[in-house]
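Everything numeric in this text was worked out from a predicted model, so none of it was measured. Order of the sequence lines fixes the chain letters, A, B, ..., with proteins taken first and strands second; residue numbering starts at 1 for each chain.
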2 protein chains.
Amino acid sequence: MLPYEHFGYIGPMTDSPNDVTPDRLCKADALPPSDQHAQQYAAVRNAHETELLEDYVELIADLLEHQGEARSTDIAARMGVSQATVSKTVTRLKSLGLVSSKPYRSLFLTEKGEAMAAMSHQRHAIVLQFLRALGVSDRTARIDAEGMEHHVSQETLEIMQRYTREQGHRDV
Amino acid sequence: MLPYEHFGYIGPMTDSPNDVTPDRLCKADALPPSDQHAQQYAAVRNAHETELLEDYVELIADLLEHQGEARSTDIAARMGVSQATVSKTVTRLKSLGLVSSKPYRSLFLTEKGEAMAAMSHQRHAIVLQFLRALGVSDRTARIDAEGMEHHVSQETLEIMQRYTREQGHRDV
DNA sequence: CCTACAAGTTAACCTTGGCTAAAATAGTGT
DNA sequence: ACACTATTTTAGCCAAGGTTAACTTGTAGG
């Protein structure tokens, strides 16, 4: 079950003699001050709260664009989750003012929801393209992007975007 | 509250004419087949399950190494969480055979726990160093790494590691 | 028209990860 | 040895994100 059990993992890194920036490495090894450390974890917890919501609005926007409507069956199928779960989450999305719909009918995004979807989509695209520009395979890039997108800061996003652009100029 | 509300976000990306690999972009815009899509989300949900556990064992290992012992107070302070929460999570870690301790005593890692910690630590280090090599500031890199580490596949990790190494040779 | 099936909702339950407040234990100082 | 303080645990609460099973509603077909 626990995925770390089958691991012949990564190999170098401890024993590679030409390791990276040795003094930085030392710093990385020291524990940061408690309060700063706590803020890091808080940031992650924070991201977790909106993650699912973002995934939903993003998916709803995609479905609306590509299929004309967003039914909960499709969402359930695409998320790999039961319809009951979708129903419950959608209720929450509605109460947050991100989604609107009449009962038993297709879903729509409010303005707020569209803003969130747009932002989410953009972030997703940047991360995905960046990974591909790095040389990651399509399939893996998709999976990783899905997980990473919610944890990439503005600053890093901009850097990724720049990298992708440069890379694009170089080898396309 | 919802963090996407204050956004003058990223700027280019839609309107940049020198965009990346146009045919790939098109593909990215189409929806993947449902079942594959579902697998992506499943992978993320899966990662979520072990995330917190990994953070705990990683932190415990760090504390053991740098302070000689791992008390729940320290964990609580570093995680930015109440001691009661730590206590409950530790119970779970014990039941999973990752951590051992006698009641009211300091914590230790089992072999399984150490394996997990080692793997987690390695992954964390790779991601952190990669971000810094990319040019992300230290503070941001730490935060992003904390969130990203659990969502980066083996394949991507190796690529990141390679990139960091090359980058290190070039500009150190 | 009305019936059958697909789609959506509701109810009841579970686990995780938070919290506070209160009780139990360990360690320390006099 | 005893009492005080700091640490740990327990109990009881909450919300989120899942599940199944049962119930409603919409929509086609005959």
Side-chain angles (χ1 to χ4, degrees), chain A residues 1-2 34 38-57 59-60 63 67-96 98-108 146-147 150, chain B residues 1-2 34 38-39 41-60 63 67-96 98-108 146-147 150:
Chain A
M1 184 214 189
L2 292 175
S34 289
Q39 277 180 285
Q40 291 172 217
Y41 286 113
V44 176
R45 276 197 302 273
N46 210 45
H48 275 173
E49 275 176 31
T50 41
E51 245 176 81
L52 193 73
L53 286 336
E54 287 181 5
D55 284 343
Y56 268 81
V57 272
L59 179 53
I60 290 171
L63 287 171
Q67 337 235 73
E69 60 176 3
R71 319 309 290 310
S72 13
T73 323
D74 295 348
I75 298 176
R78 288 214 123 76
M79 293 275 218
V81 119
S82 77
Q83 282 182 225
T85 299
V86 173
S87 192
K88 215 172 25 164
T89 307
V90 166
T91 302
R92 208 175 138 228
L93 290 170
K94 285 205 247 180
S95 82
L96 289 171
L98 295 164
V99 160
S100 71
S101 83
K102 289 169 190 162
Y104 296 95
R105 279 300 160 36
S106 178
L107 306 173
F108 297 96
E146 191 64 63
H150 308 283
Chain B
M1 185 220 188
L2 292 176
S34 288
Q39 276 180 283
Y41 287 114
V44 176
R45 275 198 303 274
N46 211 46
H48 275 172
E49 275 176 31
T50 41
E51 246 176 79
L52 193 73
L53 285 337
E54 288 180 5
D55 284 343
Y56 267 81
V57 277
E58 199 180 337
L59 180 54
I60 291 171
L63 288 171
Q67 337 234 74
E69 60 176 3
R71 320 308 285 324
S72 15
T73 322
D74 295 347
I75 298 176
R78 287 214 124 75
M79 292 276 217
V81 121
S82 78
Q83 286 181 227
T85 299
V86 172
S87 191
K88 211 166 38 158
T89 307
V90 165
T91 303
R92 208 174 138 228
L93 289 170
K94 285 205 247 180
S95 82
L96 289 170
L98 294 164
V99 160
S100 72
S101 83
K102 289 170 190 159
Y104 296 95
R105 277 309 165 27
S106 178
L107 306 172
F108 297 96
E146 192 63 63
H150 308 283

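Counting all heavy atoms, side chain and backbone alike, A:Tyr41 lies closest to B:Glu146 at CE2-OE2, 3.5 Å. In terms of heavy-atom proximity, B:Glu51 sits nearest to B:His150 at CG-CG, 3.1 Å. Scanning all heavy atoms of the two residues, the minimum distance from A:Gly80 to B:Arg45 falls at O-NH2, 3.1 Å.
The distance between atom CG of B:Leu93 and atom P of C:dT15, rounded to the nearest whole Å, is 17 Å. Between the CD atom of A:Glu69 and the P atom of C:dG8 there is a distance of 9 Å, given to the nearest Å. Rounded to whole angstrom, the span from the CG atom of A:Leu53 across to the P atom of D:dG18 amounts to 11 Å. Remark: P of C:dG17 and CG of B:Leu52 are 5 Å apart, rounded to the nearest angstrom. Rounded to a whole Å, the CD atom of A:Glu49 is 19 Å from the P atom of C:dT16. Atom NE2 of B:His48 is separated from atom P of D:dG18 by 10 Å (rounded to the nearest Å). Per the geometry, CG belonging to A:Asp74 stands 15 Å off P belonging to C:dA6, to the nearest Å. Distance, B:Glu54 CD to C:dG17 P: 12 Å, rounded to whole Å.
The stretch residues 76-92 of chain A comes close to DNA chain C through A:Gln83, A:Ala84, A:Ser87, each having a heavy atom under 4.0 Å from the strand.
Along DNA chain C, the nucleotide closest to A:Arg105 and the one closest to A:Arg45 are compared, and the more 5′ of them pairs with A:Arg105.
Across B:Thr91, B:Val86, B:Thr85, a single residue satisfies side-chain contact (heavy atoms from CB on, under 4.5 Å) together with B:Thr89, and that is B:Thr85.
Applying the salt bridge (Lys or Arg N to Asp or Glu O under 4.0 Å) rule to pairs touching residues 73-96 of chain B yields nothing, sequence neighbours excluded.
Side-chain atoms of A:Ser101 never come within 3.5 Å of backbone atoms of A:Ser106 as a donor-acceptor pair (strictly under, hydrogens ignored).
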